[in-house]
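Remarks on the structure that follows.
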Amino acid sequence: MEYNFREIERKWQAYWKDHQIYKTIEDPNKPKYYVLDMFPYPSGAGLHVGHPLGYIASDIYSRYKRLKGFNVLHPMGFDAFGLPAEQYAIQTGQHPAITTKNNIARYRDQLDKIGFSYDWDREIRTCDPDYYHWTQWAFIQMFHHYYDNDLQKAQPISRLIEHFEKKGTENLHASSTHELSFTASDWKEMSEKQQQEILLNYRIAYLADTKVNWCPALGTVLANDEVSEGVSIRGGYPVEQRIMRQWCLRVSAYAQRLLDGLETIDWTDSLKETQRNWIGRSEGAEIRFSIKGRKETFEVFTTRADTIFGVTFMVLAPESELVKICTTPEQAIEVEKYLDNTKKRTERERLADRRVTGVFSGSYAIHPITGEEIPIWISDYVLAGYGTGAIMAVPAHDSRDYAFAKHFNLPIIPLIQGCDVSEESFDAKEGIMINSGFLNGLTIKEAIEATKKYITEKGIGRVKINYRLRDAIFSRQRYWGEPIPIYYKNGMPYTLSEEELPLELPEVDKFLPTEKGEPPLARAKNWKTKDGYPLEVCTMPGFAGSSAYYLRFMDPKNDKALVSPEANQYWRNVDLYLGGTEHATGHLIYSRFWNKFLFDLGIVCEDEPFKKLINQGMIQGRSNFVYRIKDTNTFVSYHLKDQYETTPIHVDVNMVSNDILDLEKFRNWNPEYKNAEFILEDGKYICGWAIEKMSKSMFNVVNPDDIVENYGADTLRLYEMFLGPLEQSKPWDTNGIDGVHRFIKKLWNLFYKNDELSVSEENPTAEELKVLHKTIKKISYDIENFSYNTAVSAFMICVNELFTLKCNKKAILEPLLILLAPFAPHISEELYHTLGNSDTVFNASFPQYDEEFLKENTVFYPVSFNGKVRFTLEMPTDASKEEVEKTALSHPQTLKYMEGKTPKKIIIVPGKIINIVF
RNA sequence: GCGGUUGUGGCGUAAUUGGUAGCCGCGCCAGACUUAGGAUCUGGUGCCGAAAGGCGUGGGGGUUCGAGUCCCUUCAGCCGCACCA
């Protein structure tokens with residue numbers, strides 16, 4: 001029989017579906033294992049060959065774990081809300097729900113062809129009301145909680161109100177937007193509206209005026225991780241800063257726990273480092289300065305408290321509230337001018353053009369230790385959003401302060417013994433302090449500690465930890481997202497009751513803002529509560545739906561809760577999570593935050609959602625080029641191109657094979673090339689190539705459907721794994737796929753001789769057993785270590801060796817099929833049944849290797865002289881060191897290489913190597 | 001600038017963790033079967049050299065009997081962060 005992959009794959013995919021092989025239920029008798037892929041956003045372009053890489057890897061692991069006796073949860077769903085479908089809707093009028101549904105169908109079809117073991121009964125779509133019910137529910141919980149810094153835990157708002165009623169803000173240690181201070185009686189005298197406004201300052205989901213990234217082209221605000229270098233990541237449209245009243249999530253409250261949690265999880269160092277970076281913890285001191293002639297004081301944050309004696313000026317961010325206070329009438333015009341100028345510059349311009357700019361405020365600060373007067377300046381090199389928006393400038397030891405001081409001719413006082421600050425600042429954190437009063441003679445490290453102690457004791461400052469992590473802005477002025485379950489009464493936000501969920505996305509006539517500039521939901525008819533209060537018109541951002549989806553998979557049909565305690569306690573958290581690095585600072589921070597919040601509420605039993613995480617590398621494209629001779633329609637083959645002046649042109653890789661261009665296809669590709677002429681080499685047109693991103697514009701996109709059609713899903717799966725280490729980026733080159741396909745056919749031919757099934761029941765030989773058990777050992781090790789490329793190579797070696805041995809014994813081939821089943825499920829299932837089994841191969845057990853079969857009688861020693869290997873020596877495995885040495889020294893070859901000299905030293909590593917030094 | 005990560009044949013890669021560098025494939029070369037080959041099978045294939053032999057894991061240095069692997073130094077690519085005080 002021929003290996004007919006089309007028929008085999010169709011047959012077993014249907015069988016698995018009909019017999020519900022992948023249906024998963026909680027089974028207390030088996031250990032659980034949860035394998036999750038980062039679910040895709042179903043784009044209109046469909047999957048290319050790079051997308052399934054991680055899915056294949058996780059599928060192999062899932063099937064392996066199952067064969068090892070685990071109850072494996074391996075679900076899949078779709079991150080279905082998002083901008084592209086909405087942009088498409090604006091352009092074409094097609095409802096994003098329809099676009100999304102079609103795209104999902106396409107994705108599903110493509111995924112099905114590859115033969116994954118997903119339990120599709122658990123499929124979730126974030127745009128499904130039954131799903132976003134629980135996204136909205138979580139938001140409501142966040143609204144009704146605040147973060148207690150003492151307990152390091154979310155607490156009900158009712159507890160906060162109690163505190164206010166008893167003590168006002170006294171002894172309150174809660175995360176907040178602004179530091180507030182009021183008494184219990186102040187609180188009681190406030191109106192309902194005032195109280196609500198105060199509470200927003202503490203809620204974990206809160207409404208506040210914040211500086212946002214406004215993207216005019218998309219008509220919405222974007223989160224920090226959705227913006228890069230001043231443009232939106234989706235679409236690349238310019239983004240500007242604006243102050244707007246927005247929903248935010250108090251992620252910053254969890255900064256320390258997000259940081260600490262990294263120690264407990266098995267992620268790569270680079271990813272943890274990226275998150276640490278993003279959280280940006282810095283330990284320092286907050287020091288208070290008074291303003292000469294005024295009662296107001298202000299604080300600055302510094303990590304270099306040791307440099308306090310080197311402060312020669314202060315700098316305020318232009319947006320700082322202190323600017324008003326510090327500006328003297330004499331300087332008012334100058335300051336006004338400067339503020340106007342900075343306002344006109346966008347964030348991008350400020351970053352691109354690092355000119356030193358600033359203006360003197362007219363006021364002086366009083367140095368808290370020396371009592372000296374220090375001029376207060378205003379400059380946009382100080383960021384309003386970090387620390388207190390004001391700094392103490394130490395030009396001798398900070399390059400930014402140095403540049404500023406040089407430009408405005410301000411004094412520079414060196415503080416480190418022997419440092420030279422005539423040309424640049426000395427930023428290094430090493431040396432002995434000078435010019436620093438009581439700090440003189442201390443090392444920097446000692447001086448930092450001494451200063452902290454001093455300012456704390458004298459009450460002029462305190463030790464402070466700052467985080468770069470900002471609260472997440474949660475409003476999007478868009479249509480295609482989860483409605484926020486909020487209504488407004490008296491201008492203040494209130495949540496809908498849980499019974500009113502899900503708040504379904506309403507129909508609108510157009511997916512555009514209203515004439516008044518309100519978001520699209522403002523177009524909806526009757527967008528108000530039954531009592532007539534207006535509902536929130538913003539929707540949630542893209543990361544909302546993906547923040548807790550891994551929990552929903554545990555219990556996807558539950559209409560009473562996000563996840564039942566029973567399901568959650570069984571599945572706990574994700575054991576293995578696979579996905580790309582692009583989510584390092586977005587999804588992977590937000591979902592950890594979301595999970596920790598639910599953990600505080602006792603909804604989930606694990607503090608961290610993803611125990612182990614692997615980032616699969618990107619599959620790059622391999623582009624092909626033709627070379628057109630300038631101003632002609634003639635194309636010259638690669639090796640001849642240097643004889644002409646040519647322009648390289650991308651050609652579709654699908655009409656190139658082994659870098660040889662199909663001329664006929666090329667001519668028909670584009671009318672422009674209809675009459676193209678070619679200068680060939682050896683009768684062929686050879687294309688040039690380059691490794692680039694896989695994208696439509698490079699014409700290097702390879703569709704998995706085509707590969708499945710031509711080679712089968714098993715070949716695709718094996719080849720994707722064979723390309724190289726999972727985590728590494730590597731180019732896709734369809735040319736190499738034949739090798740893997742040949743391997744599968746060779747495996748097939750172990751079973752079939754001249755189209756006849758030929759499998760023997762005979763007992764295997766020692767040699768055959770050795771081949772099998774060597775392979776079992778290697779495959780087990782490789783799967784555990786996600787080294788799938790070497791596993792595929794081990795399979796090839798195994799089949800090559802069995803082929804040489806002409807082995808067709810069932811006792812060898814059957815375990816081999818079980819080993820291979822996670823990688824190539826279809827052919828394994830087919831041949832497993834061919835051997836007479838009636839149950840699926842995935843109900844078998846993974847073979848165990850037996851060291852007994854791997855024992856060798858003899859070992860080949862490489863014999864080297866002064867480190868150079870000259871020949872090998874076969875010795876019995878159990879030969880003693882002395883025997884080996886004796887045999888080696890008396891070997892005729894040894895005499896030749898010794899050139900009559902006496903050995904100085906003989907190194908023998910049993911079973912490994914012999915080295916003779918002379 | 002800071003941090004992470006990777007440098008091995010023409011290409012993708014491997015190396016039991018300090019012990020024969022180049023496994024497994026692609027490509028290429030030769031041969032077989034073929035009307036044919038972008039099919040299949042067999043053999044060869046790191047570089048230089050006719051061979052003996054020499055050289056060889058980005059470069060330089062070191063430790064060691066022995067280094068792709070450890071240490072120092074340097075270069076290059078990729079990724080992340082970046083006026084974060």
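We use all heavy atoms of the structure for the numbers below, so side chains are in, but hydrogens, waters and symmetry mates are not.
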Say you pick atom P in G56(B) and the same atom in G68(B); how far apart are they, in whole Å?
10 Å
When you measure from the centre of the six-membered ring of W278(A), is the NZ or CZ of R468(A) closer than 6.0 Å and no more than 45° off the axis?
yes
With a 4.0 Å limit, can you tell me whether S282(A) has a side-chain N or O closer than that to the phosphate oxygens OP1/OP2 of A85(B)?
yes
In whole angstrom, give the distance that lies between atom CE of M314(A) and atom C1' of A85(B).
11 Å
Closest of A85(B), G19(B), C81(B) to the T302(A) side chain is A85(B)
Is there a donor and acceptor pair closer than 3.5 Å between the side chain of N915(A) and the base of C65(B)?
yes
Rounded off to whole Å, could you give me the CD1-to-P distance for the I913(A) and C65(B) pair?
14 Å
Within residues 718-728 of chain A, residues whose heavy atoms come under 4.0 Å of RNA chain B:
F722(A), L723(A), P725(A), Q728(A)
Whole Å only: how far is the CG atom of N735(A) from the C1' atom of C28(B)?
13 Å
Between G54(B), G4(B), U20(B), spot the one nearest the side chain of R870(A), thanks.
G54(B)
Residue E874(A) excluded, over 12 heavy atoms near CD under 6.0 Å:
yes
Closest-nucleotide 5' rank along RNA chain B - winner of I737(A) and N866(A)
I737(A)
Could you tell me how far C48(B) sits from G25(B) if I compare only their C1' atoms? Round to whole Å.
26 Å
Pairwise distance CG(L53(A)) to CZ(R717(A)) - rounded to 0.5 angstrom:
12.0 Å
Taking only side-chain nitrogens and oxygens of Y781(A), does any of them come within less than 4.0 Å of OP1 or OP2 of U16(B)?
no
Taken to the nearest whole Å, CZ/F795(A) to C1'/G25(B) is 16 Å
Quiz question: by atom type and distance under 3.5 Å, do the side chains of S425(A) and D398(A) form a donor-acceptor pair?
no
Answer with base, sugar-phosphate or nothing: what part of the nucleic acid does I391(A) contact at a heavy-atom distance below 4.0 Å?
base
Syn/anti state for U20(B) [syn: chi within 90° of 0]:
anti
Does A76(B) pair with anything, Watson-Crick or G-U wobble, both distances under 3.5 Å, and if so, with which nucleotide?
U6(B)
Can you tell me the base-pairing partner of G12(B)? Count Watson-Crick or G-U wobble geometry only, both distances below 3.5 Å, and say none if there is no partner.
C24(B)
Which whole number of Å gives the distance between the C1' atom of U16(B) and that of A30(B)?
35 Å
For A36(B) versus G31(B), give the span between their P atoms, rounded off to a whole number of Å.
14 Å
Using a cutoff of under 3.5 Å, can you pull out all pairs of nitrogen or oxygen atoms linking the protein to nucleotides 34-40 of chain B, with atom names and distances?
none

For T388(A) and for G736(A), locate the closest nucleotide of RNA chain B by heavy-atom distance; then report the residue assigned to the nucleotide nearer the 5' terminus.
G736(A)
For R622(A) and G12(B), is the shortest distance between a side-chain N/O and OP1 or OP2 below 4.0 Å?
no
Using atom P in both nucleotides, what's the gap between U20(B) and G38(B) to the nearest angstrom?
41 Å
When you measure from the side-chain N and O atoms of N789(A) to the phosphate of A14(B), is any distance below 4.0 Å, counting only OP1 and OP2?
yes
Rounding to an integer number of Å, can you tell me how far I907(A) CD1 sits from U20(B) P?
14 Å
Taking atom P in both G62(B) and U45(B), what distance in whole Å separates the two?
35 Å
Do NZ/NE/NH1/NH2 and the carboxylate oxygens of E263(A) and K272(A) come within less than 4.0 Å?
no
Report the distance from atom CG of L53(A) to atom P of G12(B), rounded to the nearest whole Å.
17 Å
Whole angstrom is fine here: how far is it from CD in Q620(A) over to P in C11(B)?
15 Å
Between CG on residue L873(A) and OG1 on residue T894(A), distance to nearest 0.5 Å
7.5 Å
Going by the glycosidic torsion and a 90 degree boundary from 0, is the base of G10(B) oriented syn or anti?
anti
Does a sphere of radius 6.0 Å around NZ in K445(A) hold more than 12 heavy atoms from other residues, nucleotides or ligands, not counting ones at 6.0 Å or beyond?
no
Rounded to the nearest 0.5 Å, how far does CG of N789(A) lie from CD of Q728(A)?
8.5 Å
Within a 6.0 Å radius of atom OH on Y638(A), are there more than 12 heavy atoms belonging to other residues, nucleotides or ligands?
no
What nucleotide, of U20(B), G3(B), A85(B), holds the atom closest to the side chain of T872(A)?
U20(B)
Tell me, please, whether W267(A) has R592(A) positioned over its six-membered ring: NZ or CZ under 6.0 Å from the ring centre and within 45 degrees of its axis?
yes
Examine C65(B): is either OP1 or OP2 under 4.0 Å from a nitrogen or oxygen in the side chain of K905(A)? Give yes or no.
yes
Find the partner of G1(B): check Watson-Crick (N1-N3 plus N6-O4 or O6-N4) and G-U wobble (N1-O2, O6-N3) distances, both under 3.5 Å, and reply none if neither fits.
C81(B)
Base-pairing mate for U35(B) - Watson-Crick or G-U, with both contacts under 3.5 Å
none
Using a 4.0 Å heavy-atom cut-off across all strands, classify R281(A) as base, sugar-phosphate, or nothing.
nothing
Heavy atoms under 4.0 Å, any strand shown: does N800(A) hit a base, just sugar-phosphate, or nothing?
sugar-phosphate
Whole Å only: how far is the CZ atom of F860(A) from the C1' atom of G19(B)?
17 Å
Would you say the side chains of T790(A) and D782(A) form a donor-acceptor pair under 3.5 Å?
yes
May I ask you to say what V909(A) touches in the nucleic acid, namely base, sugar-phosphate or nothing, with a heavy-atom cut-off under 4.0 Å?
base
Is U57(B) paired to anything, Watson-Crick or G-U wobble with both distances less than 3.5 Å, and if yes, which nucleotide?
none
As its Watson-Crick or G-U partner within any shown strand, both distances under 3.5 Å, U42(B) has A30(B)
Integer angstrom distance from the C1' of C71(B) to that of C81(B)
29 Å
Counting side-chain heavy atoms from C-beta on, which of C55(B), A15(B), G12(B) comes nearest to K730(A)?
G12(B)
With sequence neighbours left out, the residues meeting side-chain contact (heavy atoms from CB on, under 4.5 Å) with F803(A) are K746(A), N749(A), L750(A)
Roughly how far apart, to the nearest Å, are G77(B) and A85(B) at atom P?
28 Å
List the steps and the verdict of side-chain hydrogen bond (donor to acceptor under 3.5 Å, both in side chains) for T357(A) and Y338(A).
CA-CA 9 Å; T357(A) 63; Y338(A) 182 69; 2.7 Å; yes
